[in-house]
Amino acid sequence: MRVISRIDEVHEFLDEVRAQKKTIGLVPTMGFLHKGHIALIERSIKENDITMVTIFVNPLQFAEGEDLSSYPRDLHNDKEQCDAAGVDLLFSPSHEEMYSQQVLTSIQIKDLTNNMEGESRPTHFSGVATVVAKLFNIVGLCNAYFGEKDWQQLQIITKMAHDLSFRVRVFGCPTVRHSDGLALSSRNAYLTPKERKSATVLSRSLQKASETVQSGERSTSVIMAQIIEEISTEPLVSLDYIEIVEGRSLKSINKIKEGSRILLAANVGEARLIDNVDPYVGIQ
Ligand code: AMP
């Protein structure tokens, strides 16, 4: 596995790959890799000749007072995991390499960023879209893999890639979970054992809501009330939002139908956790 920290070296490496008519899979991450990331990597390896992983904790997507400085990092372990998984190129640029000048350009995506994470973290998606656009430009023609765990992010990046004609096909991959249902997340590292146990209420409430939908309930207000009640049984878990939306447009709906998505965010101790489900499928 090649480990590269400079953009011009990525260009050099990928020019050669393209000269050999090889396809490129891209997996952007902020590191502290877990099995959720590895699932994206494995999918990329299966579908492409060359897989490139990026590790960069992007300051643009953190607001003042968020966890940029404490965000968990372990580049040594990340390298080992990437190597073991069969990654060809690991790109881990410094802050100076990515943002050598003050950044005056930012990408705004309308509508998809108005609610949920966009409402709770108003500058977040502009920061995500800007760094992902930068990575898409650095890499060029490729297939890029993102997790459904960040459902709103996935819709936004898919739309941005289309709107700006990036030569990138965006693929969503299912959420990887612990056996008790908790979605894997680098931020789970913040949880104390007690909080870790309480946090399982998030996926449990989504699963119970899915069962209610599957037994015929279609009213979003009924389903949301059920989830709020379930989560209120855990005093360590403080719900930020619960929304039921049309899965692609992210518009709020009154009646659940095929393609609807239930999304929530909650604070558990120091950790801000998000999760979502297709209620016709449930937590898997
Ligand atoms: P992050 O490092 O948290 O920015 O995540 C990098 C990529 O991994 C994003 O596309 C996430 O959606 C994806 N991801 C994070 N956690 C999971 C998970 N539990 N299952 C699947 N994908 C995930």
Side-chain angles (χ1 to χ4, degrees), residues 27-44 53 55 57 61 66-67 71-72 74 78 81 85 116-118 120-121 124-125 128 145-158 171-211 213 223-224 226-228 230-231 233-234 236-245 247 250 260-284:
V27 182
T29 81
M30 296 206 299
F32 209 67
L33 301 182
H34 51 64
K35 289 195 174 121
H37 299 114
I38 301 300
L40 306 186
I41 291 169
E42 284 172 350
R43 169 109 181 256
S44 171
V53 172
I55 295 182
V57 182
Q61 69 193 69
E66 289 188 347
D67 58 343
Y71 194 84
D74 189 347
D78 289 346
Q81 288 202 61
M116 303 185 284
E117 291 303 285
S120 295
R121 307 178 71 193
H124 174 65
F125 283 128
V128 170
Y145 298 86
F146 292 85
E148 290 183 352
K149 200 209 126 223
D150 298 273
W151 181 265
Q152 190 173 13
Q153 169 177 283
L154 173 61
Q155 306 318 312
I156 287 167
I157 289 168
T158 302
F171 294 94
C173 306
T175 301
V176 177
R177 298 175 181 282
H178 290 284
S179 55
D180 61 8
L182 181 69
L184 268 64
S185 165
S186 307
R187 288 192 169 97
N188 291 347
Y190 298 144
L191 299 170
T192 65
K194 257 188 166 171
E195 290 163 353
R196 165 70 186 75
K197 203 157 170 246
S198 299
T200 58
V201 76
L202 302 178
S203 56
R204 194 165 58 248
S205 69
L206 292 175
Q207 173 57 20
K208 285 189 178 172
S210 301
E211 286 163 15
V213 171
I223 296 297
M224 286 202 278
Q226 184 192 331
I227 293 171
I228 290 166
E230 178 82 23
I231 291 178
T233 62
E234 283 293 350
L236 297 181
V237 179
S238 156
L239 189 64
D240 178 3
Y241 64 76
I242 161 90
E243 292 272 359
I244 305 183
V245 300
L250 306 180
S260 302
R261 202 92 193 171
I262 310 177
L263 301 96
L264 57 74
N267 291 301
V268 189
E270 294 292 301
R272 188 168 185 287
L273 304 179
I274 58 174
D275 204 349
N276 69 85
V277 72
D278 174 342
Y280 288 85
V281 176
I283 297 293
Q284 295 193 312

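Given the structure is predicted, the values throughout are model-derived calculations rather than measurements.
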For atom CD of Glu270, decide whether the heavy atoms of other residues, nucleotides or ligands shown that lie under 6.0 angstrom number more than 12.
->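 Atom CD in Glu270 is not packed in, count stays at 12 or less.
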
Please give me the minimum heavy-atom distance between [X] and [Y], naming the atom from each residue.
X	Y	result
His37	Phe32	CE1-O, 3.9 Å
Gln152	Leu263	N-CD2, 4.4 Å
Phe125	Gly118	CE1-N, 3.5 Å
Gly31	Ser186	O-OG, 3.5 Å
Ile283	Asn276	CD1-O, 4.5 Å
Arg177	Ser203	NH1-CB, 3.7 Å

Do NZ/NE/NH1/NH2 and the carboxylate oxygens of Asp180 and Arg196 come within less than 4.0 Å?
-> yes

Salt bridge between Asp275 and Lys149, side-chain N to carboxylate O under 4.0 Å?
-> no

Report yes or no: does Ser44 contribute a side-chain atom to a donor-acceptor pair with the main-chain N or O of Leu40 at less than 3.5 Å?
-> no

Backbone N/O of Gly247 and side chain of Trp151: donor-acceptor pair under 3.5 Å = yes

Could you give me the CA-CA distance, side-chain angles and deciding distance for Glu148 and Arg261, then say whether salt bridge (charged side-chain N to carboxylate O under 4.0 Å, His left out) is met?
-> CA-CA 11 Å; Glu148 290 183 352; Arg261 202 92 193 171; 3.7 Å; yes

Measure the shortest side-chain to side-chain distance between [X] and [Y] over non-hydrogen atoms and say whether it is less than 4.5 angstrom.
X	Y	answer
Thr29	Tyr145	no
Arg187	Tyr71	yes
Arg204	Val201	yes
His34	Gln81	no
Cys173	Phe146	no

Please round to the nearest 0.5 Å and tell me the distance separating atom [atom1] of [X] and atom [atom2] of [Y].
X	Y	atom1	atom2	value
Ser198	Glu234	OG	CD	4.0 Å
Gln61	Glu117	CD	CD	11.0 Å
Ile244	Leu264	CD1	CG	10.0 Å
Ile223	Ile228	CD1	CD1	11.5 Å
Asp278	Ser260	CG	OG	8.0 Å
Asp78	Met30	CG	CE	12.0 Å

If only side-chain N and O atoms count, and only distance matters, is there a donor-acceptor pair under 3.5 Å linking [Y] with [X]?
X	Y	value
Tyr190	Glu195	no
Asn267	Ser238	no
Gln207	Glu211	yes

Derivation of the side-chain contact (heavy atoms from CB on, under 4.5 Å) call for Leu273 and Asn188 | CA-CA 8 Å; Leu273 304 179; Asn188 291 347; 3.4 Å; yes

